[in-house]
Every structure is written in structure tokens, then in C-alpha cells.
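Predicted model only: the values in this text are computed from it and were never measured. Just so you know, residue 1 is the first one in the sequence shown, and it goes up from there.
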Amino acid sequence: MLLSGEQIKQLRNARRMSQVDLSRATGLSASLISSYEAGTRNVTQEASDKIAIAFNGITPINPAERTQTADLDDDKTLVKMNGIPLMPAEKALLKALAKAMLDQRK
């Protein structure tokens, strides 16, 4: 997933990080991060991956295996774990956990 400059800014602010903090975590310059957030430069896939890792400790998706995102609240969304679809009760538990995590951000 390629992050937009606005998404980078929102994620950084939500985690109470400065541009310098994010720079240290990613190895990208603070001025480059500022340019992304201001929309004066386009975010590259490499930079987006570094930022995603810094925010979440996640591994970037292999471009050959990219998937679409969907809203967990959408009843038509099929949620899988290791290729196995979750049952409705499991999906409901996952939604409750995600809601609790989001509520703590407020």
C-alpha cells in the first residue's frame, strides 16, 4: 500500500511523533518527510514501506501479492487468517478488539 502525504501526517500525529522522530525511525530525511506531508513530493513505494514499518512494525506487502482493503464493518467483507475464512463469531470478536484499540487512541 502506498501511503499518501496526508496519511503519513495523520499517522505521525496520532502517534505523537515529530518529523525528526519519524526521520530517525526510517532513515529518511526530515525535510523529505515534510515534503511528502506538504504534497510537494510524491511518496515512493520504498519510502512508504519504511514509514509503514516504523509506524506498525509491519512487513511491506510484496507487490506481486497486493490485496485490496475493505471495511471490517461491511458484512460482505470476507476476513481470512492464513487463507481460512473467519466464522461470523470470530469476525465479531475481531471487530470488538479493533474497536477497543481505536477507542484508546482518542
Side-chain angles (χ1 to χ4, degrees):
M1 179 175 131
L2 187 65
L3 295 169
S4 71
E6 182 61 30
Q7 288 172 318
I8 293 168
K9 185 175 184 177
Q10 289 174 352
L11 289 166
R12 182 180 58 76
N13 287 333
R15 286 159 178 78
R16 295 186 174 99
M17 294 176 78
S18 69
Q19 290 175 341
V20 172
D21 294 333
L22 184 55
S23 171
R24 288 182 185 136
T26 61
L28 303 170
S29 71
S31 62
L32 181 60
I33 293 166
S34 176
S35 296
Y36 290 154
E37 291 182 1
T40 57
R41 296 212 33 200
N42 292 326
V43 181
T44 65
Q45 186 64 58
E46 181 181 359
S48 182
D49 290 347
K50 287 180 180 182
I51 292 166
I53 290 167
F55 285 145
N56 300 314
I58 63 170
T59 304
I61 297 171
N62 179 333
E65 298 174 1
R66 293 199 184 278
T67 58
Q68 292 183 335
T69 60
D71 193 328
L72 190 57
D73 278 330
D74 183 351
D75 290 333
K76 296 178 184 177
T77 300
L78 177 63
V79 180
K80 294 181 180 181
M81 179 71 175
N82 296 326
I84 301 169
L86 296 182
M87 297 174 69
E90 295 165 329
K91 184 178 173 185
L93 183 59
L94 183 60
K95 285 172 51 175
L97 177 62
K99 183 183 180 317
M101 291 170 60
L102 291 173
D103 287 347
Q104 288 197 349
R105 289 187 191 172
K106 297 177 185 178

Spell out, as yes or no, whether a donor-acceptor pair under 3.5 Å connects the side chain of D21 to the backbone of S18. yes

Pair I51-L11, side chain to side chain contact (heavy atoms under 4.5 Å, CB included): steps then yes or no: CA-CA 10 Å; I51 292 166; L11 289 166; 5.8 Å; no

Approximate separation, where rounding is to 0.5 Å, of L22 CG and S34 OG: 11.5 Å

L32 side, atom CG; T26 side, atom OG1 - distance, nearest 0.5 Å: 8.5 Å

To the nearest 0.5 Å, how far apart are CE in M17 and CD1 in I8? 11.5 Å

Taking all non-hydrogen atoms of both residues into account, name the closest pair between A47 and L28 and its distance. CB-CD1, 3.9 Å

Please check if the number of heavy atoms outside N13 that lie under 6.0 Å from its CG is greater than 12. yes

Note: A30 and S23 closest approach over all heavy atoms is N-OG, 3.4 Å

Would you say S35's side chain and T40's backbone share a donor-acceptor pair under 3.5 angstrom? no

Heavy-atom neighbours of K95 NZ exceed 12 at 6.0 Å: yes

Please name the residue in the list Q10, Q7, K9, R12 that meets the side chain to side chain donor-acceptor pair (under 3.5 Å) test with E37. R12

Under a 4.5 Å side-chain heavy-atom rule over Ile, Leu, Val, Met, Phe, Trp and Tyr, are Y36 and V20 clustered together? no

